[in-house]
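Only one structure is covered here, and it is reproduced in the block below.
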Amino acid sequence: MSCKIAIDGPAGSGKTTVAKKLAEKLGYYYLDTGAMYRIVGLYLHSKGITPEDEITLSMLEDIDLKFIEGKFFFLGKEAGDEIRTPDAGKYASLYARHPVVRKYLTSLQKKIAQSGNIVVEGRDIGTVVIPDAEVKIFLEASPEARARRRFEELKAKGLNVEYSEILNEILLRDKQDSERDIAPLKPAEDAFIIDTTNLSVSEVIEKILEVVKIKCR
Ligand SMILES: Nc1ncnc2c1ncn2[C@@H]1O[C@H](COP(=O)(O)OP(=O)(O)O)[C@@H](O)[C@H]1O
Ligand SMILES: Nc1ccn([C@H]2C[C@H](O)[C@@H](COP(=O)(O)OP(=O)(O)O)O2)c(=O)n1
């Protein structure tokens, strides 16, 4: 029996860290849907196209977005740290509200999610991308904890960031992602909600594994 695990939640709640470790532990595929929105957001911004402009399918196909052996490629090159900057997250969230962007990326994500046992992380996985997922997890944490984590993460990568700026960026994306009309950030009705504010990564993974043992027998 194939088992699909959806992990949703706001920025800094621990989705990527937990999803990657979980997929490795279970021997499942892993899909970071946020990376796809980051690639699209950076590309459209670089072309001077705003989220208010008409965005066509052919514009998005010009990105030549590919997912090969767990890695993303666009414009013929592998996606690197350039998609992990605060600006990339800002543009991802801005263009993620556009119906053509959502339709295009959701269609790709649904196809990839059919690969077999997989952990998929994002904002609308349990509600839209794989609503039939056997396991649905919604991670949350205080904005301050999430900003602190992201601040430490970016600082460790050598980026010159201010905690207050990161907190404001996270609060803005929380609002944009949860208040948009299409596929807003919210827990699926059958999602298990885990507050990670005072939990270690291992403790979060242990909680998820308890659900997996029951739902993915
Ligand atoms: N439960 C946790 N406790 C402490 N730090 C965490 C926890 N979960 C994730 N982190 C750290 O916080 C940062 C952001 O985590 P990440 O998995 O990228 O969050 P998201 O994908 O939800 O934005 C990373 O440096 C990660 O190591
Ligand atoms: N399934 C998804 C994944 C990401 N997005 C949008 C909204 C998010 O703010 C941005 C960036 O997502 P990403 O998961 O990479 O960001 P964080 O790692 O949580 O900071 O993309 C989305 O709308 N739907």
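Ligands are counted one by one from 1 in listed order, and the atoms in each one are counted from 1 as well. Computed from a predicted structure; not experimentally measured.
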So for M36, does at least one of its heavy atoms come nearer than 4.0 angstrom to any atom of ligand 2?
no
How are the rings of H45 and Y91 set relative to one another: parallel (under 30°), tilted (30 to 60°) or perpendicular (over 60°)?
parallel
When you measure from atom 9 (O) of ligand 2 to each heavy atom in T17, L185, D177, which option holds the nearest one?
D177
Below a 4.0 angstrom heavy-atom separation, can you tell me which part of A96, side chain or backbone, both or neither, approaches ligand 2?
side chain
For G34, take its heavy atoms, then give the atoms of ligand 2 lying under 4.0 Å from any of them.
3 (C), 4 (C), 12 (O), 13 (P), 14 (O), 15 (O)
Below 4.0 angstrom from a heavy atom of A92, which ligand 2 atoms are there? Numbered from 1 as shown, please.
10 (C), 11 (C), 21 (O)
Going by the order shown, which atoms of ligand 2 are within less than 4.0 Å of some heavy atom of A11?
19 (O), 20 (O)
Indicate the atoms forming the closest heavy-atom contact of A188 with G126, along with that distance.
CB-O, 3.7 Å
Go through it in stages, so that I can follow the logic: the residues are L185 and F138, the test is side chain to side chain contact (heavy atoms under 4.5 Å, CB included), and I'd like the CA-CA distance, side-chain angles, deciding distance and then a yes or no.
CA-CA 10 Å; L185 167 65; F138 190 88; 3.6 Å; yes
Using the ring of F73 (Phe, Tyr or Trp, six-membered ring only), decide whether K77 places NZ or CZ under 6.0 Å from its centre and within 45 degrees of its axis.
no
I'd like the contact residues of ligand 1, where contact means a heavy atom below 4.0 Å.
P10, A11, G12, S13, G14, K15, T16, T17, R149, R150, E153, T196, L199, S200, V201
Apply the test salt bridge (Lys or Arg N to Asp or Glu O under 4.0 Å) to residues D81 and R38: give CA-CA distance (whole Å), side-chain angles for both, the deciding distance (0.1 Å), then the verdict.
CA-CA 11 Å; D81 271 349; R38 286 168 176 266; over 6 Å; no
Verify the distance criterion only: is there a donor paired with an acceptor across the side chains of T50 and D53 at less than 3.5 Å?
yes
Any atom of ligand 2 sitting under 4.0 Å from a heavy atom of R102?
yes
Looking at every non-hydrogen atom in both residues, tell me the closest pair between R146 and A141 and how far apart they are.
NE-O, 2.9 Å
Side chains of R102 and Y37 only: does a donor on one sit below 3.5 Å from an acceptor on the other?
yes
Could you tell me, atom by atom, which parts of ligand 2 come under 4.0 Å of a heavy atom of R150?
17 (P), 18 (O), 20 (O)
Can you list the steps and then say if V120 with I7 is a side chain to side chain contact (heavy atoms under 4.5 Å, CB included)?
CA-CA 6 Å; V120 186; I7 301 184; over 6 Å; no
Kindly determine whether Y95 and K90 satisfy side chain to side chain contact (heavy atoms under 4.5 Å, CB included), including the steps that lead there.
CA-CA 9 Å; Y95 292 92; K90 180 176 74 175; over 6 Å; no
Quick check on R180 - does any of its heavy atoms sit under 4.0 Å from an atom of ligand 2?
yes
Any donor-acceptor N or O pair under 3.5 Å, side chains Y30, E24:
no
Which ligand 2 atoms does K15 reach within 4.0 Å, using its non-hydrogen atoms?
14 (O), 19 (O)
For R173, the ligand 2 atoms with a heavy-atom partner under 4.0 Å come out as 8 (C), 9 (O), 10 (C), 11 (C), 16 (O), 17 (P), 20 (O)
Any idea which of R38, E121, R123 brings a heavy atom closest to atom 14 (O) of ligand 2?
R123
For atom 3 (C) of ligand 2, the protein heavy atom that lies nearest, with its residue and separation
T33 OG1, 3.4 Å
Taking everything shown except E78 itself, do over 12 heavy atoms lie less than 6.0 Å from its CD?
yes
